[in-house]
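Heads up: the structure comes next, in structure tokens.
What you see below is based on every heavy atom in this structure, not just the backbone, and it leaves out hydrogens, waters and symmetry mates. Predicted model only: the values in this text are computed from it and were never measured.
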Amino acid sequence: MLRLLFLLVVGVFLASMMSVMVVRFIGRTLPPGDQITYVSKPQSTVWELLVLDLDRRVFYNLTGGLLPRAVRNRLPAWSPDGRRLAFVTELRRSQEIFILEMTFASLTRLSSPEVDARFPVWAPGAISRLAHMQHNGHDWDIVVRRMDVDDVWLASEGGDPSTVVIGGRAEERHPVWSPDGTRLAFVSNRDGVDDLYMVNVDGRGLRRLTLAMAVQDYIAWSPDGRLIAFNVDAGGNTEIFAVEVPEPNAEQDYAPVRNLTRSPGSDLAPAWSPDGRWLAFTSGRDGDDEIYLMDMTTEAVQQITFNHYPDYDPVWSPDGTRLIFIALPEFTTELFSIQPDGEGLQRLTFNLLDDWSPVWRPAPAED
């Protein structure tokens with residue numbers, strides 16, 4: 001009996017290892033929406049980036065063994081073609097950005113080990129660009145990098161694309177790309193209060209979109225490019241606002257802003273559905289954090305999770321048929337999936353470890 005049990009365990013282990021290898025080598029041909037990348041803690045002091053294949057229910061550790069001295073790998077961001085993964089890791093005392101090339105399993109250091117860098121975000125579209133935050137010794141700047149050349153420039157201050165420009169003494173944070181990849185929105189306190197700004201990809205055309213609104217670091221650009229949703233600290237109660245994006249040739253800076261939520265509980269983490277019809281968000285209006293959807297045509301709100309534990313940070317699937325969110329069912333954060341109509345609730349991870357920061361991997365482009 002013990003021998004049979006041993007052989008069974010070995011067989012299951014070998015089968016799981018084969019599945020892991022399959023995910024690694026054929027991942028670039030998988031259909032869209034099949035893989036989620038997220039942060040987990042295989043050890044109490046080590047944060048790794050894992051991939052969950054939703055069809056095969058196979059997990060794969062992307063960063064295990066690549067950076068043996070790293071204790072925290074986080075903030076994963078996929079390139080639009082699904083072939084490169086940017087992420088932040090802590091080596092020694094600095095936070096650095098690395099790029100993992102999936103086709104050849106190669107790893108490249110993008111940022112300098114002498115400065116902190118974080119929050120990488122890829123531009124949509126055919127031109128390969130990456131924006132990220134970088135510390136200049138006093139505060140945070142936003143850097144835009146062409147990934148097919150060596151050009152780097154500071155988007156928030158302008159300048160020639162062939163140079164690196166260091167900005168002034170202001171915090172500039174959380175860059176978010178426009179859907180067409182021509183502009184960036186970001187938060188800055190350059191005028192004394194955290195407000196929302198917008199700039200062209202060449203660093204020109206800087207505009208202040210809000211006036212003294214205490215904008216927080218949750219920003220979401222609508223798929224049609226017309227609205228930017230963002231969080232505001234409204235006297236201790238976080239609300240979601242939306243601002244109309246000015247036309248490129250408009251002369252005014254400030255744009256019409258409206259409060260979307262107006263509830264007694266905090267509302268945060270807005271996320272647009274791929275078709276722009278729905279805005280998903282987290283709200284504490286029923287006593288604990290749950291996931292809600294707002295119909296952007298009528299602004300009617302519906303609750304889609306009804307748990308007795310916190311649910312937060314919804315992320316849409318590329319086809320808009322599911323949302324992934326983080327929940328705290330027991331003592332650790334886990335990943336769950338649900339349909340926009342509130343049906344099909346599934347728990348995706350079952351760990352004694354925290355799992356968080358889920359992002360969908362785009363379907364890798366065919367050669």
[X] side chain to [Y] backbone, donor-acceptor under 3.5 Å:
| X | Y | answer |
| --- | --- | --- |
| Thr332 | Leu352 | no |
| Ser317 | Arg322 | yes |
| Asn61 | Leu50 | no |
| Thr261 | Ser263 | no |
| Trp221 | Gly225 | yes |
| Asp53 | Arg56 | yes |
| Asp295 | Glu299 | no |

Quick one: sort the [X] and [Y] rings into parallel, tilted or perpendicular, breaks at 30° and 60°.
| X | Y | answer |
| --- | --- | --- |
| Phe59 | Tyr38 | perpendicular |
| Trp140 | His135 | perpendicular |
| Tyr309 | Phe336 | tilted |

Which distance, rounded to the nearest 0.5 Å, do you find between the [atom1] of [X] and the [atom2] of [Y]?
| X | Y | atom1 | atom2 | result |
| --- | --- | --- | --- | --- |
| Tyr197 | Ser188 | OH | OG | 5.0 Å |
| Met198 | Ile228 | CE | CD1 | 6.5 Å |
| Phe241 | Asn259 | CZ | CG | 4.0 Å |
| Leu85 | Phe98 | CG | CZ | 12.5 Å |
| Asp355 | Ser40 | CG | OG | 4.0 Å |
| Leu335 | Phe350 | CG | CZ | 10.5 Å |

Does the side chain of [Y] come within less than 4.5 Å of [X]'s, by heavy atoms?
| X | Y | value |
| --- | --- | --- |
| Asp286 | Gln303 | yes |
| Leu323 | Ile304 | yes |
| Ile324 | Ile36 | yes |
| Met213 | Val193 | no |
| Asp288 | His308 | no |
| Val201 | Arg146 | no |
| Asp217 | Asp194 | no |
| Met294 | Arg277 | no |

**Study point:** Axial cation check for Trp47 ring with Arg74, 6.0 Å and 45° limits
**Key:** no
Point to revise | side-chain hydrogen bond (donor to acceptor under 3.5 Å, both in side chains) evaluation trace for Asp195 with Thr210 | key: CA-CA 6 Å; Asp195 271 306; Thr210 62; 2.5 Å; yes
Assess, by modelled atom type and distance only, whether the side chains of [X] and [Y] contain a donor and an acceptor separated by less than 3.5 Å.
| X | Y | answer |
| --- | --- | --- |
| Arg84 | Ser128 | yes |
| Thr349 | Glu334 | yes |
| Gln134 | Asn136 | no |
| Gln346 | Ser337 | no |
| Thr238 | Asn231 | no |
| Thr305 | Asn307 | no |
| Thr333 | Asp354 | yes |
| Tyr292 | Asp311 | no |

Practice item. Check the surroundings of atom CZ in Arg226: do more than 12 heavy atoms from other residues, nucleotides or ligands lie under 6.0 Å from it? Key: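 12 or below, so no.
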Check your understanding: Got more than 12 heavy atoms from elsewhere within 6.0 Å of CZ, Phe331?
Key ->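 Counting other residues, nucleotides and ligands, CZ of Phe331 stays at 12 neighbours or fewer.
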Check your understanding: Are Arg109 and Glu96 close enough for a salt bridge, meaning some N to O gap below 4.0 Å?
Key ->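 Yes, charged N to carboxylate O under 4.0 Å.
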Check your understanding: Are Arg347 and Glu330 within salt-bridge range, i.e. N to O under 4.0 Å?
Key -> yes
Point to revise | Intermediate values then yes/no, side chain to side chain contact (heavy atoms under 4.5 Å, CB included), Leu107 and Ile99 | key: CA-CA 6 Å; Leu107 190 67; Ile99 305 293; over 6 Å; no
Check [X] against [Y] and note the closest heavy-atom contact, atom names and distance.
| X | Y | value |
| --- | --- | --- |
| Asn237 | Pro264 | OD1-O, 3.5 Å |
| Ser79 | Pro362 | O-CG, 3.5 Å |
| Ile326 | Ser357 | CD1-N, 3.7 Å |

Review point. How far apart are the C-alpha atoms of Gln216 and Arg173, what are their side-chain angles, what is the distance that settles it, and do they pass the side-chain hydrogen bond (donor to acceptor under 3.5 Å, both in side chains) test?
Key: CA-CA 10 Å; Gln216 299 177 332; Arg173 312 183 306 275; over 6 Å; no
Review point. Where do Glu48 and Leu62 land on the side chain to side chain contact (heavy atoms under 4.5 Å, CB included) test, with the steps shown first?
Key: CA-CA 7 Å; Glu48 302 285 14; Leu62 285 179; over 6 Å; no
Quick check on the hydrophobic clustering: are [X] and [Y] connected, directly or via other members, by side-chain heavy-atom contacts under 4.5 Å?
| X | Y | value |
| --- | --- | --- |
| Met102 | Leu66 | yes |
| Phe87 | Trp356 | yes |
| Trp122 | Leu110 | yes |
| Tyr218 | Ile240 | no |
| Ile291 | Trp278 | yes |

Study note, to complete from the structure: The side-chain contact (heavy atoms from CB on, under 4.5 Å) partner of Leu196 among Leu211, Ile219, Val232 is Ile219
Point to revise | Identified side-chain contact (heavy atoms from CB on, under 4.5 Å) partner of Val88 from the options Gln95, His132, Arg72 | key: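 Of the listed residues Gln95, His132, Arg72, the side-chain contact (heavy atoms from CB on, under 4.5 Å) partner of Val88 is Gln95.
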Exercise for review: Kindly indicate, with the supporting measurements, whether the criterion side chain to side chain contact (heavy atoms under 4.5 Å, CB included) is fulfilled by Met133 and Asp116.
Suggested key: CA-CA 8 Å; Met133 294 167 53; Asp116 282 338; over 6 Å; no
Exercise for review: Might you work through the side chain to side chain contact (heavy atoms under 4.5 Å, CB included) test for Val39 and Leu49, ending with a clear yes or no?
Suggested key: CA-CA 5 Å; Val39 182; Leu49 301 184; 3.7 Å; yes
